[in-house]
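Chain naming here is simple, since letters A, B, ... match the order of the sequence lines and numbering starts at 1 in each.
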Amino acid sequence: MAFGKGHHLHLIDGSAFIFRAYHALPPLTRKSDGLPIGAVAGFCNMLHRYVEGNTGPDAPTHVAVIFDKGSHTFRNEIYDQYKANREAMPEDLRPQIPLTRTATEAFNIACKEKEGFEADDIIATLACQARDAGGRVTIISSDKDLMQLVGDGVEMLDAMKNRRIDRDGVIEKFGVGPERVVDVQALAGDSVDNVPGAPGIGIKTAALLINEYGSLEELLDRAEEIKQPKRRQTLIDMRDQIEMSKRLVQLDCETPLEFNLDDLEVRDADPDVLMPFLAEMEFRTLTKRIADQLGVEPPAIPDAPTKAAESAAAPEMPPLDASNYTTVRDAETLKSWVEKAQARGYVAVDTETTGLNEMTADLVGVCLCVDPGKACYVPLAHKASAGDDLFASDDLAEGQMPFNDALAILQPMLEDPSILKIGQNMKYDAKILARLGITVAPFDDTMLMSYAMHGGEHGHGMDTLSERYLNHTPIPIKTLLGTGKSQITFDKVPIDDAAKYAAEDADVTMRLWTLFKPQLHQAQVTRVYETLERPMVKVLADMEMSGVKVDRDVLSRMSNAFAQKMAGLEAEIHELAGETFNVGSPKQLGEILFDKMGLEGGKRGKTGAYATGADVLEDLATEHELPARVLDWRQLSKLKSTYTDALQEHIHSETGRVHTSYVITGASTGRLASTDPNLQNIPIRTEEGRRIREAFVAETGKTLVSLDYSQIELRILAHIADIPALKQAFRDGLDIHAMTASEMFDVPLDEMTPDIRRQAKAINFGVIYGISGFGLARNLRIPRAEAQGFIDRYFERFPGIKDYMNDTKAFAKEHGYVQTLFGRKIHTPEINAKGPRAGFAQRAAINAPIQGTAADIIRRAMIRMPAAIEGQPATMLLQVHDELLFEVENGAEDALIDTARDVMEGAADPVVKLDVTLTVDAGKGQNWAEAH
DNA sequence: CCTGTCACG
DNA sequence: GACGTACGTGACAGGG
């Protein structure tokens, strides 16, 4: 069928692709022969991403990449200085030009050029032909010269910003419609192409004049009428030059072409052509990725003879070798290591202990590394081997320095302000040493460096980092400790084995630091690392060691009450089912509900079991008793097992308090995670669950004070997406959800109903999460079409939100990460994936800057807090994302609230000037339920 | 060890 | 035209 109505032609400006690729990438060379290849690599990546993105109803039916050919065109006949000021093509780009043609053909995309014609003219000709045939055209370029073609089904797409430019976009840029763009350009000229235009007249003035006179010709004919003398004279004197400029910028829609639109039909790539090409270029990642997607075996790409090119930038390091490590057994040797650290000015430190819980684990040994490859282990508390003896020995193993002697030598070094201590997860070691009276400072943390540079890309544990960046798999701890029931603690490990493992850890840490330190700067995250990551170590270590008092009796009483209620419910459930079964087994429950009782709506998950989640049961509960009872039972079961029972296990035997551990690198967005136990998910939403918080109490004579940011994420959204109505509402202290509802549903605020407000609230939150019609529909339990209607209305009312979402997605697609207002990078490696994963990644990308900025803000508040409340009888205990919990001596609560509120509300200053104020609510009470 | 479920912001 | 979708976490129980 000939090109016509219903067809959609994409025209890609090939030169633009090449130059962008060239400038976006470092000067890569082909490993085998050093051929410059960066631009081709970037070009192929862009083509591939382009092809990947071509799904959906808007996908093109026809496509071509258009290139310039030859430097002499008809425009040089008109004006010999045309494009004369262009810089010569960079030497390393020239040989890549023909390869981009080959690449285009390898992707099986039509590749067109014509001697003596600019790509723009070919694009213009094809666009005109396609438009005349009744089809649609998208020109993928940001070249403003092409804007004259827009209109009547022709649009431009700025692939860089992922922004479509239609007629309105052109008017925004040039102040006139596409048909008058050439007139404006003729007047304004173009310094890039060396088009002279009218001196002293830019786009703004040109648009003004053209709009007033209707056309360039009219303007020039009536130039005498212009009031401004200088402008009038210019137009009269420069008439010839202006008219010539117009001929220069006017695209030629009549380029003679040896092919027609039908030759441009979209074709699938042929793996037999594409894969060999990519392999020949030695694009390892891209070859593999595309092979995976095409479902073919990736061709082998031989490794370059040397790895020199790759490691040139990386510091030189000797290979890891355990035989070089020493075991320190006497004071003299230890002192010599400390002296080495002193001389160096930095030292990697790692502690070995009897467990993972810093509040209960005991120090077993310390290792130091002063240089990659030079590491030692100082065993301190290894137990003598029990040998065949069944009775474990409490005696210390031979050949260890006295514990306190060693610490006395190490302490000055660990506290020496002129020696940088380098650790991997320093919070752990700092807490272990703090319990022994040692304050480690100053320090660097390779885990946090990795998090600052690679957050969202991968985990930041030592094994991961070592494998990824050192190409070395450290000795697994399991080989020393065993696993499961027979697992032993580190103090039972023979010293020789322990030394190899421990010293290697310090060595690996030192190597990672050597590698990461210069990279932090290159990745432009030094400030994030130094102001948002590293200072958290001390703040959190102190909070964790403080712990929060938990009243065991309260929990225990609740536990018993829950057990009784659950027993009653269980009996009822069995009665209703007509048989006994394990209510806690989703599998058995599903079979009872859908097989035995024959209820409708059973859906099986991937394991073949029926889904019995709360949403499913809630639907069934309107008609049936049993699922309703199961829901009640489940709630109690959760509260009992996770909270009233498990929390008691976490009460420290000496402090009587619960000491959580925060994972600084736990969440990709910059939020903290809380583990062992998780104190960030203590119930609050239901009355019954909320009572768990009554067990979190203040010490006698003290009070708990809670401060939390009000609507911080919505405020950040208002700022980032620049939504005037939202910002104003926050300034006016309005009920933000009611305001949204009022705007969307045209309901005056004084006639607002709780239900309408509830819907608006769901939409507000949905926006933060990267809303979808489906998600909102499910949340509100309304038809999907209705939910979509709400969203459309919302975007219509707050168009900045839609822009924010599109801009953020485009940024992520281009850069592979998004950023918070404070510069934290959150990587989005899946953003260019195919299938449902792309959707996930896009929504995560939309959410990350908002959630991440809020996380940055509370981090800043926490870091400033200790100095701010210095002297006040108050301790910061917990953080729950937007809340800080303090324990304060009675009578000092209000002073603490004043201070802490100031710190929290001003936490963005002075780095970020928010358009919205941050507001903090405060409460106090004998327990957490009262305080919140 | 994985899956389903559910607690929080 | 169908599919599958709200963002970020951690803990527990069941089951292979």
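Residue contacts shown for A/D882 are limited to sugar-phosphate atoms, with no base heavy atom under 4.0 Å away. No engagement by A/G770 is indicated, since no non-hydrogen atom pair under 4.0 Å with the nucleic acid exists. Across all strands, A/R690 comes closer than 4.0 Å to no nucleic acid atom at all (heavy-atom distances). As judged by a 4.0 angstrom heavy-atom cut-off over every strand, A/Q588 is placed among residues touching the sugar-phosphate backbone only. Contact annotation for A/Q635: backbone-only contact, meaning every heavy-atom pair under 4.0 Å involves sugar-phosphate atoms and none involves a base. The residue A/I768 sits apart from the nucleic acid: no heavy atom pair falls under 4.0 Å. Residue A/A777 is classed as having no contact, given no heavy-atom separation below 4.0 Å to the nucleic acid. Heavy atoms of A/N678 sit under 4.0 angstrom from primed sugar atoms or phosphate atoms, though from no base atom. Within 4.0 Å (heavy atoms only), A/F765 reaches no atom of the nucleic acid at all.
Counting only heavy atoms from C-beta on, A/N779 has its side chain closest to C/dA6 among C/dA6, B/dC8, C/dG16. In the set B/dG9, C/dG14, C/dA6, C/dA6 carries the atom at the smallest distance from any side-chain atom of A/I771. Minimum atom distance to the side chain of A/N847 is reached by C/dG8, of the listed B/dG9, C/dG8, C/dG14. Of the candidates C/dG8, C/dA11, B/dC8, C/dG8 carries the atom nearest the A/A667 side chain, counting heavy atoms from C-beta on. Distance from the side chain of A/I684 is smallest for B/dG9 among the nucleotides C/dA6, C/dA11, B/dG9. The side chain of A/S668 lies closest to C/dT9, out of C/dT9, C/dC7, C/dG16. Distance from the side chain of A/A646 is smallest to C/dC12 among C/dC12, C/dA6, B/dG9. In the set C/dT9, C/dC7, C/dG16, C/dG16 carries the atom at the smallest distance from any side-chain atom of A/K587.
For the atom pair A/D921 CG and A/I897 CD1, the distance stands at 11.0 Å (nearest 0.5 Å). Atom CZ of residue A/R552 and atom CD1 of residue A/I651 lie 4.0 Å apart, to the nearest 0.5 angstrom.
Checking the phosphate oxygens (OP1, OP2) of C/dA6, a side-chain nitrogen or oxygen of A/R778 falls inside 4.0 Å. Within the 4.0 Å cut-off from OP1 or OP2 of B/dG9, not a single side-chain nitrogen or oxygen of A/S674 is found. Remark: A/R671 is not in phosphate contact with B/dG9, judged by side-chain N or O atoms under 4.0 Å from OP1 or OP2. A sub-4.0 Å separation between OP1 or OP2 of C/dG4 and a side-chain N or O of A/S772 is absent. Look at A/R843 and you'll find a side-chain N or O under 4.0 angstrom from OP1 or OP2 of C/dC7.
For the pair A/F562 CZ and B/dA7 C1', the interatomic distance rounds to 13 Å; values are reported in whole Å. Rounded to whole Å, the distance from CD1 on A/I720 to C1' on C/dC7 is 14 Å. Taking atom CD of A/E830 as the reference point, atom C1' of C/dG4 lies 15 Å away to the nearest angstrom. Atom pair A/I716:CD1 and C/dC7:C1' shows a separation of 14 Å (rounding to whole Å applied). Rounded to an integer number of Å, the gap from CD1 of A/I763 to P of C/dA6 is 17 Å. As a whole-Å value, the separation of A/Q851 CD from B/dG9 C1' is 8 Å.
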For the pair A/K638 and A/E688, evaluate salt bridge (charged side-chain N to carboxylate O under 4.0 Å, His left out) and give the outcome as yes or no after the intermediate values. CA-CA 11 Å; A/K638 181 80 177 181; A/E688 205 137 37; over 6 Å; no

Check the pair A/R793, A/E743 against salt bridge (charged side-chain N to carboxylate O under 4.0 Å, His left out), reporting the backbone distance first and the verdict last. CA-CA 9 Å; A/R793 183 94 184 92; A/E743 289 283 350; over 6 Å; no

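Comparing the C1' positions of C/dC3 and B/dT5 gives a spacing of 24 Å, expressed to the nearest Å. C/dG4 and B/dG4 have their P atoms separated by 14 Å, with the value rounded to a whole Å. C/dT5 and B/dT3 are spaced 15 Å apart, taking the P atom of each and rounding to whole Å.
With the nearest nucleotide of DNA chain C identified for both A/Y769 and A/N681, A/Y769 has the one nearer the 5' end. Of the two residues near DNA chain C, A/H881 and A/R784, the one whose nearest nucleotide lies more 5' is A/R784.
Side chains of A/T740 and A/N764: a donor on one and an acceptor on the other come within 3.5 Å.
Ring orientation note: the planes of A/H659 and A/H652 are nearly perpendicular, at an angle over 60° on the 30°/60° scale. Relative orientation of the A/W928 and A/F696 rings is perpendicular, given thresholds of 30° and 60° on the angle between their planes.
Side chains of A/E618 and A/R781 form a contact here, defined as non-hydrogen atoms less than 4.5 Å apart.
The partner of C/dA13, taking Watson-Crick or G-U wobble pairs whose two distances both stay under 3.5 Å, is B/dT3. Judged by Watson-Crick or G-U wobble contacts below 3.5 Å, the nucleotide C/dC3 has no partner.
A salt bridge links A/E579 to A/K596: one of the charged nitrogens lies within less than 4.0 Å of a carboxylate oxygen. One finds a salt bridge joining A/D632 and A/R629 here, because a Lys/Arg side-chain nitrogen approaches an Asp/Glu carboxylate oxygen to under 4.0 Å.
Side chain A/R837 to base C/dT5: no donor-acceptor pair is found below 3.5 Å.
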Distances for protein N/O vs nucleotides 1-5 of chain B N/O pairs under 3.5 angstrom?
from  : atom 1 : to     : atom 2 : distance (Å)
B/dT5 : OP1    : A/T612 : N      : 2.6
B/dT5 : OP1    : A/T612 : OG1    : 2.8
B/dT5 : OP1    : A/G613 : N      : 3.2
B/dT5 : O3'    : A/R634 : NH1    : 3.1

